Amino acid sequence: MEFDWSVVGEAMPALLSGARLTILITLAGLVGGLIVGFVTGLMRAYGNKLLNAIAFVYIELIRGTPIVVQVMFIYFALPVLADVRVNPMTAAVTAIVVNAGAYIAEIVRGSFLSVHKGLKEAGLALGLPMWKVLVYIIGPVAFRRMIPPLGNQFIVSLKDTSLFIVIGVGELTRQGQEIMAANFRAVEIWSAVAILYLLMTGTLTLILRVTEKRMRIL
């Protein structure tokens, strides 16, 4: 069987549309995931027993279940339980927020706790409130340390969007499946889909490498 480049050319507009939607879901989900992750991570690192327990249950619940189960729960089960209508895009973004937030929380917790406690004690000894110690003293050091693992999580979340095919979101994988079902050119279509994913993850990796060098992370 010969590889037909014309098939890729004809499919590219639809695939690029799916890739744009993939990027949109990833960006929206990661913005929410970063917020949830930072709050939950700080609850785990510095919260009282109640806050620590709430964060622990959330993290273990999410890390212990596959994201495809989570998105199907949000899309199919949540409307039954809460009597609300959830569209596929909302379910997809929410799943990324909830899933990435749990993993980012552990990255944040580990990064903050890895900073030598002497910095915290020095800040408190100067009379600074705890929040200023976290923001101005511990935070900058911890942030440098969390960039590499955060980069890995961003890439994982981007690839996880392919699983939203189960609820009919028209992201890249879904577009590839629909085109392949119409023309039966599996080799060309899935090769193009794989290349687009590689371009997206490669671009993200490059941005992260530049960020690491700018911040002098060894």
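Since the structure is predicted, the reported quantities are computational estimates derived from the model, not experimental observations.
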Hey, is the main chain of [Y] close enough, under 3.5 Å, to the side chain of [X] for a donor-acceptor pair?
X      : Y      : value
Arg145 : Ser114 : yes
Gln70  : Thr65  : yes
Ser17  : Pro13  : no
Thr201 : Leu198 : yes
Thr26  : Thr22  : yes
Asn52  : Arg44  : yes

Separation between [atom1] of [X] and [atom2] of [Y], rounded to the nearest 0.5 Å:
X      : Y      : atom1 : atom2 : value
Ile167 : Phe164 : CD1   : CZ    : 6.5 Å
Ile138 : Ser111 : CD1   : OG    : 12.0 Å
Met200 : Leu158 : CE    : CG    : 5.0 Å
Asn99  : Thr94  : CG    : OG1   : 12.0 Å
Arg174 : Ser162 : CZ    : OG    : 13.0 Å
Leu172 : Ile165 : CG    : CD1   : 10.0 Å

Quiz item: Tyr46 vs Phe112 aromatic rings, parallel, tilted or perpendicular, using cut-offs 30° and 60°?
Solution: perpendicular
Please report the closest heavy-atom contact between [X] and [Y], naming both atoms and the distance.
X      : Y      : answer
Ala95  : Ile67  : O-CD1, 4.2 Å
Ala105 : Ile59  : CB-CD1, 3.7 Å
Ala14  : Gln175 : O-CG, 3.6 Å
Thr173 : Trp190 : O-CH2, 3.7 Å
Gly176 : Ile189 : O-CG2, 3.4 Å
Gly101 : Tyr58  : C-OH, 3.5 Å

Practice problem: Start with the C-alpha distance between Ser157 and Asp160, add both sets of side-chain angles, then the distance that settles side-chain hydrogen bond (donor to acceptor under 3.5 Å, both in side chains), and finish with yes or no. | Solution: CA-CA 5 Å; Ser157 293; Asp160 279 347; 5.1 Å; no
Check for me, please, whether [X] and [Y] land in the same ILVMFWY cluster - side-chain distances under 4.5 Å, paths through other members count.
X      : Y      : value
Ile195 : Tyr197 : yes
Val69  : Val166 : yes
Leu34  : Ile155 : yes
Ile23  : Leu15  : yes
Val187 : Ile179 : yes

Practice problem: Might you work through the side chain to side chain contact (heavy atoms under 4.5 Å, CB included) test for Leu78 and Met72, ending with a clear yes or no? | Solution: CA-CA 9 Å; Leu78 191 59; Met72 292 183 76; over 6 Å; no
What I'd like to find out is whether the side chain of [X] reaches to under 4.5 Å of the side chain of [Y], using heavy atoms alone.
X      : Y      : answer
Glu106 : Arg63  : yes
Val156 : Tyr103 : no
Lys120 : Val115 : no
Val86  : Phe76  : no
Ile104 : Gln153 : yes
Tyr75  : Pro88  : yes
Val71  : Leu163 : no
Val98  : Phe73  : no

Quiz item: Which is it for Leu208 and Asn152 under the side chain to side chain contact (heavy atoms under 4.5 Å, CB included) test, yes or no, and what are the steps along the way?
Solution: CA-CA 9 Å; Leu208 292 167; Asn152 290 335; over 6 Å; no
Quiz item: Is it true that the side chains of Thr161 and Glu171 contain a donor and an acceptor less than 3.5 Å apart?
Solution: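 Their side chains do not contain a donor-acceptor pair, so the 3.5 Å distance test is not met.
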Quiz item: Counting only heavy atoms not in Asp83, do more than 12 fall under 6.0 Å of its CG?
Solution: no
Quiz item: Looking at Leu27, Leu204, Ile207, which hits side-chain contact (heavy atoms from CB on, under 4.5 Å) with Phe154?
Solution: Leu204
Self-check item: Worked verdict on Met180 versus Glu188 for side chain to side chain contact (heavy atoms under 4.5 Å, CB included)
Solution: CA-CA 9 Å; Met180 192 274 294; Glu188 290 88 346; over 6 Å; no
